[in-house]
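Step one of this worksheet: look at the structure below.
When reading the values below, keep in mind they use all heavy atoms of this one structure, side chains included, and skip hydrogens, waters and symmetry mates.
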Amino acid sequence: MAPKMFKILLFLLFPSMALGQSLNISVAEHTADNNISTFTLGNSRVTFGSQSIRFLDSGREQSFDAVGVSSDNNIISTLTWKNQEGEIVLYNPQGKKLTSFSTISLADKASFGLYPFSNGHTLLRDKIANFTFYDSFGEIVTSMSSSSQSTEGEAISEVATSESGNTVVIYNPKIKRNGELGSKVQVRTGPKQFEDIFFSSDRYLKNVTVSKDGRLIAVITAKKGSDDKVLIMDQYGNELNTIKAEEDLKGVNFTDDLEQVTIYSGGRVMVYNTLSGESLGATSFRSPIMIADYFSEDHLILALTGNYSDRSGRLSNIEFRAINLKQRSIASQNFSGTLGLSQAINLQFIRNSLNSYTLTGANKMIDIRADF
């Protein structure tokens, strides 16, 4: 009688165990042979070194002082710099040169940034806060400076864009004035027009995210001794919602329909209704979170954890975890080995079908199947 009662109690307390939930992961076959610095872009393999890139299909090798990859992984751009003269070259993943052009005079290699778009346009950063927009023929569309002109200094300005580049956000994450750390965000509203959509004299920025379609912008702000805040705006800067969190936040993702937003720190993932701020669920982790996202079609949070080294670009001690909010059940699976990451390539989960996903942006793509 006692063993039977124990089984009934176990089912009531842990129903998900009785249902046999599982998380199955495997390396996508076409990326299985990639070494730690080789990435599959489209159907081609490209190796990223610290100062050069090699296209394995063609054998072409190109040195660079800065490198960028478009969000669809179909355009790779390189910048080489000599005697203040710069040259930008755009390639497809096979290594075919698409176009090349000279840049304006450049002066600050440490702050070079290169952001190619899927339509062949390119954004170049120089001198901490100077930006030049080029069209697909290498002609200058416009230039702008996001400098705050603070005499106490500022951090290098950063860029966040939608997948197609229809929404481009340029932001100063840290501006020092009067002993405080402030910040500023601008959005491109036309070919040559920019508009300030956020300014703070005492809150700095941890992260800015633009939704895939470019309609929403999320800004993580922070201040010592205060809760982190996520400010959600439309693409024109109209404030829609603010979500506070006691966590040390690091990232935000919107669902494709924009109805929900995923916010995560190094150890916790939280899902909210985008407009009302209603909490839909949350979960904590012992290992550092690299990325997390919520897939409303499956009521599922998916997260990747591990220890990341900036110096080597490697992620180790890797675990994948899935949380079904509807069934309130969890499944996890360790990944044996390490993954190589590149700052030029966006790391993300892609939904394939019901409970089926792929991790892209690492040297090996990982296929994931969740069963609940």
### Message
For the residue pair Asn35 / Thr38, report whether a side-chain donor-acceptor contact shorter than 3.5 Å exists.
### Response
yes
### Message
Under a 4.0 Å threshold between the charged nitrogen and the carboxylate oxygen, would Arg351 count as salt-bridged to Asp256?
### Response
no
### Message
Looking only at the side chains, is there a donor atom on one of Tyr357 and Asp298 sitting less than 3.5 Å from an acceptor on the other?
### Response
yes
### Query
Just by distance, with hydrogens left out, do Ser329 and Gln21 show a side-chain donor and acceptor under 3.5 Å apart?
no
### Reported CZ-to-CD1 distance for the pair Phe335 and Ile366, which is rounded to 0.5 angstrom
4.0 Å
### Query
Would you say the side-chain atoms of Ser226 and Arg203 include a donor-acceptor pair closer than 3.5 Å?
yes
### Message
What I want to find out is whether Arg125 reaches Glu158 closely enough, with some N-O distance under 4.0 Å, to be called a salt bridge.
### Response
yes
### Query
Can Asn307 and Asn317 be counted as having a side-chain donor-acceptor contact under 3.5 angstrom?
yes
### Summary
Heavy atoms of Leu79 and Leu114 approach each other most closely as N-CD2, 3.6 Å
### Message
For Phe194 together with Phe133, are the ring centres under 6.0 Å from each other?
### Response
yes
### Query
Can Ser63 and Ser52 be counted as having a side-chain donor-acceptor contact under 3.5 angstrom?
no
### Query
Can you tell me if CG on Asn43 sees more than 12 non-hydrogen neighbours from other groups inside 6.0 Å?
no
### Task
Considering non-hydrogen atoms only, spot the tightest contact between Asn74 and Pro93 and give its length.
O-CD, 3.3 Å
